[in-house]
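Here's the structure, in structure tokens; my notes come after.
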Amino acid sequence: MCDGLNNNLTDEFETLLGKCILHARRHFVEVAESFPEEVRFVLETLRKVYKIEARARKLGLNPRNACNYTNRKASR
């Protein structure tokens with residue numbers, strides 16, 4: 001995982017990229033005035049995911065189980 005800077009990418013090998021969601025969230029906030037409904041949807045969805053992930057941490061789940069837990073809860 002990395003932030004959104006292009007210099008964090010490489011052409012040396014195939015990469016599955018996961019950019020930092022906090023940086024992505026900031027970009028949504030920056031355009032909220034122009035797209036209020038769309039940004040509200042994204043931020044409310046992220047809030048749900050953050051709450052689910054916090055619960056997974058409290059439960060002490062290992063990374064694989066936490067991911068499965070988050071996926072199950074978020075798809076509801």
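Count residues from 1 along the sequence.
How far CD of E53 is from NZ of K73: 14.0 Å, rounded to the nearest 0.5 Å. Atoms OG1 and NZ, from T45 and K48 in turn, are 5.5 Å apart once rounded to the nearest 0.5 Å. From H27, atom NE2 reaches atom NE2 of H23 across 7.0 Å, with rounding to the nearest 0.5 Å.
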Could you pull out all donor-acceptor pairs under 3.5 Å where a side-chain atom in residues 32-44 meets a protein atom, sequence neighbours excluded?
none

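In the hydrophobic clustering of ILVMFWY residues, with side-chain heavy atoms under 4.5 Å counting as a link, L61 and V49 come out apart. A continuous path of ILVMFWY side-chain contacts below 4.5 Å connects V29 to Y50, so both sit in one hydrophobic cluster.
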Determine whether S75 and N71 satisfy the following criterion, side-chain contact (heavy atoms from CB on, under 4.5 Å), listing intermediate values before the conclusion. CA-CA 6 Å; S75 65; N71 288 337; over 6 Å; no
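Taking both residues in full, the closest heavy atoms of T70 and I52 are given as CA-CG2, 3.6 Å, listed atom of the first, atom of the second, then distance.
Y69 OH: more than 12 foreign heavy atoms inside a 6.0 Å radius.
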